[in-house]
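Hydrogens, waters and symmetry mates are skipped; everything else that's a heavy atom, side chains included, is used.
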Amino acid sequence: MTDTLQSEIHDILQVAMREAIAAGELSIPEVPKIPFSPTKTPEHGDFATPVALGLAKQAKMPPRKIAETIVAHVDVAGHPHIRRIDIAGPGFINIHLSDAWLYETLRTIVTEGDTYGTCDKGAGARIQVEFVSANPTGPLNIVSGRAAAVGDTLVNLLNAVGYDAIREFYVNDAGGQVARLGESIDVRYRQALGEPGLEIPEGGYAGEYLRAFAQDIVDAEGDKYLQLDATERVSLFRDRGIAHILAQQEASLERFGVQFDVWTSEKAIRASGKPMAILQLFRDKQYLYEAEGATWFRMSDFGDDKDCVVIRRDGEYTYFVPDAAYHRDKFDRGFNKVIDFFGPDHQGHVSRLYNFVKALGLPDDWLEIAIIQQVNLVDDEGKLLDMSKRRGKFYTLDVLIDELAAAIGERFAVDVARYFFLMRANNTHLDFNLALAITEANENPVFYIQYAFARCWSIFQKSAEHGITPRPVDTVSLVLLTEPMEHELIRKLSEFPALVLFSAEAREVHRIAHYLHELAGLFHPYYNQHRVLDAEHQERTQARLVLTQAVQTVLRNGLALLGISALEKRM
RNA sequence: GCGCCUAUAGCUCAAUCGGAUAGAGCAACGGAUUUCUAAUCCGUAGGUUGCAGGUUCGAUUCCUGCUAGGCGUGCCA
């Protein structure tokens, strides 16, 4: 609705500019793009465009004059949606829409229901979003939780605007880190059997979770693995450890409301032969050279400050090779676009991966990498909570949810955690205020939004009790919605589809979170100042019920995109 | 050293990819409850957008140089 209207207005202005040019009143080589922005204040109308300001130089006319010239060619009377066009400030063209447009918007929302906010702009293009992809060496940490929330929501957004997007998790189940996992489990296993003098190896995993895992093996199967030779035992423990931790991670994600469509194994990628094929390709293109017993990639030819090793002295691939192969594999699977979310510890990997993708000859804009920045847990005074009291112990996603759940229950714990992870731009550091998260009052944005939804629901509940049946929208006199607050609410509702599209395209999920908070911030005052149900004004009641339903619909749709529940009442 | 990110109200953050008077929430202060759920609302106060330049009709936004903080910078992933 908004979208079609915007393009309608765009066309109207474009035509007006062409006519002005044809009439010789405006001398510019071509009609430029016409940018629109929803206005900040109603005095500036509903939409505004600064297009005249940008033309001042080429047209050699003062911007106000240009705006006047353009507007003079618009047939306002011929467009029922437009009530008035003003020129204001230095030359802004402010478009005031007719009230009929507002009422039409309401009808659209109520009619479209769950699909309001969606569109088909993506035209079915296939997008793969890879996120979390934590090493299978331990429980998911807080940043992984943030990545999970952001990635999951972005996929929701992309699918809402017509893309065919999937969630993918890359399992680093090969290489040095999982080898270290096997060694660490081995140490814990032998310790559990009483062997003295053992220590977790350098670069190993000292967390308690492996102690428990090893104890389980001992309890179930005793010391039988001591008979295997060390290499065999470590490799067996590695594989069992991976399976165990992976299952744990999957369970944590599921608890957090995130389900991946595809899990890709690095081991499988290695076995596919693609790494070798890629190395051959690089060799053919003269990107490789031998030095110091290792094989190097000429990263410096791609603008990096140094080359990097792709085959180590011991003959093993460095992680670049399977990673490049994995991205080749993504491309071969036919994705039109791939979006990778990396944690803050992978920043160094970003430019290199771009370069490898370029070296593979894949399209420039095919891969998009974004960093999910770190999360700090803070108390009410903004003081940093110590997240790693001692080596090997860290604040996991599950521990966070456990703590929240103890205060506000499991369901809200997930809602609150998701919202807090989603409320900030993903490339900025995020302070997660634990005290605020468990506050069950308006300071907590999640409750504030959910309460707005609950109030809508409650109004319908009450109306049913009073025997008031909402009538079909077509039969309701929406013109009775005359309060400024009502118009403001509807205007806000009308922005939703464009916002969803923008958030998806810009990969900025936090905008939805803010929007919902703002919408709730308009509804609560309205609720307090104006009664929806009013026996004295039955027609107006019907109109306000439509408005209430529209608010509820947008809140529900928005929360659904964020993976946050919309409930009738508090548990 | 080099690279990436960040710097906006006392605190946490917005600002629709250069637009109009920079907005919310929290904290502070003062009010509202026989009412459709007070998990709410109304009001007051709070700013040289880190600093210095530059680009132009116009800069929180883009460029350069500083300053401060975070992260990265391995033949680990």
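Rounded to the nearest Å, the gap between the P atom of A59(B) and that of G3(B) is 29 Å. For G69(B) and G19(B), the P atoms lie 32 Å apart once the distance is rounded to whole Å. Between U60(B) and U49(B), the distance separating the two C1' atoms is 5 Å to the nearest Å. Nucleotides U12(B) and G46(B), compared at atom C1', are 15 Å apart to the nearest Å. Only the C1' atoms considered, C75(B) is 45 Å distant from A14(B), to the nearest whole Å. The C1' atoms of A9(B) and C66(B) are separated by 25 Å, rounded to the nearest whole Å. Comparing U55(B) with C17(B), their P atoms sit 24 Å apart, to the nearest whole Å. A gap of 13 Å separates the P atoms of C41(B) and A27(B), to the nearest Å.
With hydrogens and angles left out, the side chain of Gln177(A) and the base of C76(B) share a donor-acceptor pair within 3.5 Å. Scanning atom types as modelled, no donor and acceptor separated by under 3.5 angstrom connect the side chain of His517(A) and the base of A24(B).
A sub-4.0 Å separation between OP1 or OP2 of G72(B) and a side-chain N or O of Arg352(A) is absent. For Asn427(A), a side-chain nitrogen or oxygen approaches OP1 or OP2 of U6(B) to under 4.0 Å. A close approach under 4.0 Å does occur between a side-chain nitrogen or oxygen of His510(A) and OP1 or OP2 of A15(B). At the phosphate of A38(B), OP1 or OP2 sits under 4.0 Å from a side-chain N or O atom of Arg455(A). The side chain of Lys306(A) contributes no N or O atom lying less than 4.0 Å from OP1 or OP2 of C2(B).
Residue Asp323(A) is out of contact with every strand shown, counting any heavy-atom pair closer than 4.0 Å. Glu316(A) comes within contact range of no nucleotide atom at all, as no heavy-atom separation falls under 4.0 Å. In this structure, Tyr448(A) reaches the sugar-phosphate backbone alone: every heavy-atom distance under 4.0 Å involves primed, P, OP1 or OP2 atoms, never a base.
Across C36(B), G70(B), A14(B), the shortest atom-to-atom separation from the side chain of His429(A) is found for G70(B). Of the candidate nucleotides U6(B), C75(B), A77(B), A77(B) has the atom nearest to the side chain of Tyr319(A). Looking at the side chain of Leu533(A), the nearest of the listed nucleotides A20(B), C36(B), U40(B) is C36(B). Here the side chain of Ala48(A) is nearest to one of G3(B), A20(B), C75(B), namely A20(B).
Rounding to whole angstrom units, CD1 of residue Ile468(A) and P of C36(B) are separated by 12 Å. Atom CG of Asp304(A) and atom P of G3(B) are 11 Å apart (whole Å). Atom P of nucleotide G70(B) and atom CD of Gln373(A) are separated by 13 Å, given to the nearest angstrom. Rounded to a whole Å, the CG atom of Leu430(A) is 9 Å from the P atom of A14(B). Regarding Asp431(A), its CG atom lies at a distance of 11 Å from the C1' atom of G70(B), rounded to whole Å.
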May I have the step-by-step check of ring-ring contact (aromatic ring centres under 6.0 Å, His included) for His96(A) and Phe47(A), ending in yes or no?
-> CA-CA 7 Å; His96(A) 298 256; Phe47(A) 291 111; over 10 Å; no
Give the intermediate values and the outcome of ring-ring contact (aromatic ring centres under 6.0 Å, His included) for residues Phe421(A) and Phe432(A).
-> CA-CA 8 Å; Phe421(A) 285 143; Phe432(A) 194 113; 5.4 Å; yes
Criterion ring-ring contact (aromatic ring centres under 6.0 Å, His included) on Tyr354(A) and Phe302(A), from CA distance to verdict = CA-CA 10 Å; Tyr354(A) 275 131; Phe302(A) 290 83; over 10 Å; no
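Between the side chains of Ser300(A) and Asp307(A), a donor-acceptor pair is found at a separation under 3.5 Å. Looking at Thr137(A) and Gln177(A), their side chains never bring a donor and an acceptor atom within 3.5 Å of each other.
Summarising the base pairing, C2(B) is matched to G72(B) through a Watson-Crick or G-U wobble pair whose two defining distances lie under 3.5 Å. Remark: G23(B) base-pairs with C13(B). Criterion, Watson-Crick or G-U wobble with two distances under 3.5 Å. Searching all strands for a Watson-Crick or G-U wobble partner of G47(B) with both distances below 3.5 Å returns nothing. Pair check for A7(B) finds U67(B); Watson-Crick or G-U wobble, both atom distances under 3.5 Å. Across the strands present, U34(B) finds no partner; the criterion is a Watson-Crick or G-U wobble pair with both atom distances under 3.5 angstrom.
Residue side chain Phe92(A) meets the stacking definition with respect to A20(B): its ring centre sits within less than 5.5 angstrom of the base's six-membered ring centre, and the planes differ by less than 30 degrees.
Ring orientation note: the planes of Phe342(A) and His346(A) are tilted relative to one another, at an angle of 30° to 60°. Between Tyr319(A) and His349(A), the ring planes lie perpendicular to each other; the angle is over 60°, past the 30° to 60° tilted range.
Nearest-nucleotide mapping onto RNA chain B: of Gln529(A) and Leu53(A), the residue sitting toward the 5' end is Leu53(A). Nearest-nucleotide mapping onto RNA chain B: of His44(A) and Phe320(A), the residue sitting toward the 5' end is His44(A).
The shortest distance between side-chain heavy atoms of Ser565(A) and Arg411(A) falls below 4.5 Å.
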